[in-house]
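First the proteins, then the strands, lettered A, B, ... as listed; each starts at 1.
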2 protein chains.
Amino acid sequence: MIKETSSNASNRKFLRSVCRITGALEILSGRWKALVLIHISEGKNRFSLLKQVLPPVSDQVLGRQLRELEAEGLITKAIIAEVPVRVDYSLTDKGAAVLPILDELAEWYDKRGD
Amino acid sequence: MIKETSSNASNRKFLRSVCRITGALEILSGRWKALVLIHISEGKNRFSLLKQVLPPVSDQVLGRQLRELEAEGLITKAIIAEVPVRVDYSLTDKGAAVLPILDELAEWYDKRGD
DNA sequence: CGGTATCCTTTATGATACTG
DNA sequence: CAGTATCATAAAGGATACCG
């Protein structure tokens, strides 16, 4: 086995081991993840709806970010076995809890220009 | 950079905030940037001090992240023409203002595991 | 409809050598 | 001491095709 170093270990796990802030930022660091959370909270809870309201993003990338958000426990998906299949995304309590903090970041960002 | 998705006027303020959130996360998205801000706030205000307290990071990468933080107006550098040269980094008001928000993110992160 | 598989491009990070 | 230049690698993002 090859010895693990910080450069070949899992980036995610490494960043999380560094500190909680780094870990939190890593979870939100996907390019569209914050937007996805906000849009889901606004009722855009379907794959195709998200594609409509997000800036142009490929199926592949949107799917990956949704998978990662689900893996992090920020969203859940409910698969309804209709034809065609229907999937409803919704925020978990954890996902909802981060939105007010994101709002604070937005306010901070507004003031940055002075 | 993030294009607003037009739906209706009542969403406008909300959508602007979406863009600001994305912008704020972008500023903080560098791998070591949040850590750098925190360590500077704790008095680790020299290049070599930062190297000591951060996880292993190359000169090149640390230098780049410091440059970017300065460009974003989160830190300033004071160059003192001694021999050898001395540089003091410090937080701007903007840089200091984001730290409490990062703390909230850390608390949120702590609770994520249930 | 709601994705995944595959392949490609761009960006971020990293190692090393060198400089004022 | 405090970096930058150069080159290399890793990770993220994206285009396209296809599947249940």
Phosphate OP1/OP2 of [N]: any [X] side-chain N/O under 4.0 Å:
X: A:S48; N: C:dG2; value: yes
X: B:K77; N: D:dG3; value: yes
X: B:Y89; N: D:dG3; value: yes

Between atom [atom1] in [X] and atom [atom2] in [N], what is the gap in whole Å?
X: A:K44; N: C:dG2; atom1: NZ; atom2: C1'; result: 18 Å
X: A:R31; N: C:dT10; atom1: CZ; atom2: P; result: 13 Å
X: B:L25; N: D:dG13; atom1: CG; atom2: P; result: 12 Å
X: A:L28; N: D:dA12; atom1: CG; atom2: P; result: 14 Å
X: A:K51; N: D:dG14; atom1: NZ; atom2: P; result: 11 Å
X: B:L54; N: C:dG14; atom1: CG; atom2: P; result: 11 Å
X: B:E26; N: C:dT10; atom1: CD; atom2: P; result: 18 Å
X: B:Q52; N: D:dG3; atom1: CD; atom2: C1'; result: 16 Å

Minimum side-chain heavy-atom gap A:L99-A:D103 below 4.5 Å: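 Sidechains of A:D103 and A:L99: no contact.
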
| field | B:L105 side chain near A:I21 side chain, heavy-atom distance below 4.5 Å | value |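 Answer no - side chains too far apart.
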
Practice item. To the nearest 0.5 angstrom, please state how far the NZ atom of A:K44 sits from the CG atom of A:L35. Key: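 The NZ atom of A:K44 sits 12.5 Å away from the CG atom of A:L35.
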
Q.
Within a 6.0 Å radius of atom CG on A:D88, are there more than 12 heavy atoms belonging to other residues, nucleotides or ligands?
A.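 More than 12 heavy atoms, drawn from other residues, nucleotides or ligands, come within 6.0 Å of this atom.
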
Point to revise | Closest to the B:V85 side chain, choosing from D:dC1, C:dT13, C:dC1 | key: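 The listed nucleotide nearest to B:V85's side chain is D:dC1.
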
| The side chain of B:S58 lies closest to which of these nucleotides: D:dG3, C:dA15, C:dC1? |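 The listed nucleotide nearest to B:S58's side chain is C:dA15.
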
For side chain to side chain contact (heavy atoms under 4.5 Å, CB included), just list the numbers for A:L69 and A:Y89, CA-CA rounded to whole Å, side-chain angles, deciding distance to a tenth of an Å, and then say yes or no.
CA-CA 11 Å; A:L69 286 170; A:Y89 289 97; over 6 Å; no

Cut-off 3.5 Å, no hydrogens considered: what does the side-chain donor-acceptor table look like for residues 53-64 of chain B, sequence neighbours left out?
| residue | atom | partner | partner atom | Å |
| --- | --- | --- | --- | --- |
| B:S58 | OG | B:V61 | N | 3.2 |
| B:D59 | OD1 | B:K51 | NZ | 2.7 |
| B:Q60 | OE1 | B:R64 | NH2 | 2.5 |

So, for A:G23 and B:Y109, which heavy atoms are closest and what is the spacing to 0.1 Å?
->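 So the two residues come closest at C-CE1, 3.9 Å.
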
Stretch residues 59-70 of chain B: residues that reach within less than 4.0 Å of DNA chain D through a heavy atom: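 Correct list: B:D59, B:Q60, B:R67.
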
